[in-house]
Novice: 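Here it is, the structure, as structure tokens.
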Amino acid sequence: LFYLYYLFIYFSMNSVGEACTDLKREYDQCFNRWFAEKFLKGDRNGDPCTETFRKYQRCVQKAIKDKDIPIDGVEFMGPNKDKPES
Amino acid sequence: MKIWASEHIFNHPWETVTKAAMQKYPNPMNPSVFGVDVLDRSVDTNGRLHSTRLLSTEWGLPAIAKSIIGVTRTCTYVQEHSVVDPKEKTFELKSTNISFTNLVSVDEKLTYKPHPQDPEKTVLTQEALISVKGVSLSSYLEGLMAKTISANAGKGREAMEWVIRRLNTEIEELAATARGTMRVPMAAAVADK
């Protein structure tokens, strides 16, 4: 299992916010397991990942604001705004 | 405006391909994608999973770019909205660039569905709509971009096969570890790293 931990880290993606990468990986691990073992098999019993998602989101939203990334029409950014010039 | 489309068949069932497509990055065929973030995710009243994701890519530009725009590495961002319908067995992804929108617009749509004749296979249909703005060479540039998208589509399919193999390997290794047969060689592999 120790080896699998290294395998997991090697094959993982980063977040756009470097500080968010650990939170992202924790969320991804939870989501990928739920997606494969529950969702795709028709199990509609709730999502066990809402807490890890919330923590990860707080971090990502901050990174997106800091980096001025022009996200379009996503609810957490508030009312829709025009695509800015890049 | 340029339209590009292609169709490809994977020799894997739809669930396998969908799981792999959800975890497509990182992979060695798309090294410029350095970040993938989920911005929003929910299940709708029809049981379909909606996800909004941000893909961060970094391109190394030729040295001449530095004298013009002051940087040789530039981040471009793509926003993707996808829907997985586990009952109908469809996975549809739509993406659009949110960087350089004043210069170019690249919209892509990918759909994964079981092969109508063979449930052990999956069909991927891929379309892209490219528009280069305000440049007199626009149709030439659009042609160039369509060629790049076509070449990248090949890489994308290789990437999917790579992710599927990786996921299958992880499952086999989990099973072997559970049987207790891999403890010694794994300790050696870890020591190597």
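Within every chain, numbering begins at 1; the chains are lettered A, B, ... in the order of the sequence lines, protein sequences first and strands thereafter. None of the values given here were measured: they were computed from a predicted structure.
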Novice: Which bit of B:Leu55 comes within less than 4.5 Å of chain A, counting heavy atoms only: side chain, backbone, both or neither?
Specialist: neither
Novice: Given the ring of A:Phe31, does B:Arg41 sit roughly above its face, with NZ or CZ under 6.0 Å from the centre of the six-membered ring and within 45° of the axis?
Specialist: yes
Novice: Rounded to the nearest 0.5 Å, how far apart are CG of B:Asp37 and CD1 of A:Ile64?
Specialist: 6.5 Å
Novice: Can you tell me if A:Lys24 uses its side chain to pair, donor with acceptor, with the backbone of B:Val36 under 3.5 Å?
Specialist: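 Yes; at least one donor-acceptor contact below 3.5 Å.
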Novice: Measure the CG-CZ distance between A:Leu40 and B:Phe91 for me, rounded to the nearest 0.5 Å.
Specialist: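 CZ of B:Phe91 is found 9.5 Å from CG of A:Leu40.
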Novice: Under a 4.5 Å side-chain heavy-atom rule over Ile, Leu, Val, Met, Phe, Trp and Tyr, are B:Val83 and B:Leu49 clustered together?
Specialist: no
Novice: Are B:Leu93 and B:Val123 connected into the same hydrophobic cluster when the rule is that any two of I, L, V, M, F, W, Y join if their side-chain heavy atoms are below 4.5 Å apart?
Specialist: no
Novice: Same cluster or not: are B:Met29 and B:Val163 linked, directly or through other Ile, Leu, Val, Met, Phe, Trp or Tyr residues, by side-chain heavy atoms under 4.5 angstrom apart?
Specialist: yes
Novice: Within this structure, what is the CG-CD1 distance for the pair B:Leu39 and A:Ile71, rounded to the nearest 0.5 Å?
Specialist: 5.0 Å
Novice: Rounded to the nearest 0.5 Å, how far does CD1 of A:Ile69 lie from SG of B:Cys75?
Specialist: 8.0 Å
Novice: Please check if atom NZ in A:Lys67 has more than 12 non-hydrogen atoms from other residues, nucleotides or ligands closer than 6.0 Å.
Specialist: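 Counting neighbours around NZ of A:Lys67, more than 12 heavy atoms of other residues, nucleotides or ligands fall under 6.0 Å, so yes.
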Novice: Which value, rounded to the nearest 0.5 Å, describes the distance between B:Gln23 atom CD and A:Asn32 atom CG?
Specialist: 3.5 Å
Novice: Can you get from B:Tyr25 to B:Phe34 by hopping between Ile, Leu, Val, Met, Phe, Trp and Tyr side chains that sit under 4.5 Å apart?
Specialist: no
Novice: Which atoms of B:Lys89 come close to chain A, meaning under 4.5 Å heavy atom to heavy atom: side chain ones, backbone ones, both, or neither?
Specialist: neither
Novice: Does any heavy atom of chain B fall under 4.5 Å from the side chain of A:Phe39, the backbone, both, or neither of them?
Specialist: both
Novice: Drop me the distance from B:Lys19's NZ to A:Glu37's CD, to the nearest 0.5 angstrom.
Specialist: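 Atom-to-atom, B:Lys19:NZ and A:Glu37:CD are 8.5 Å apart.
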Novice: Does any backbone or side-chain atom of B:Val43 lie under 4.5 Å from a heavy atom of chain A? Answer side chain, backbone, both or neither.
Specialist: side chain
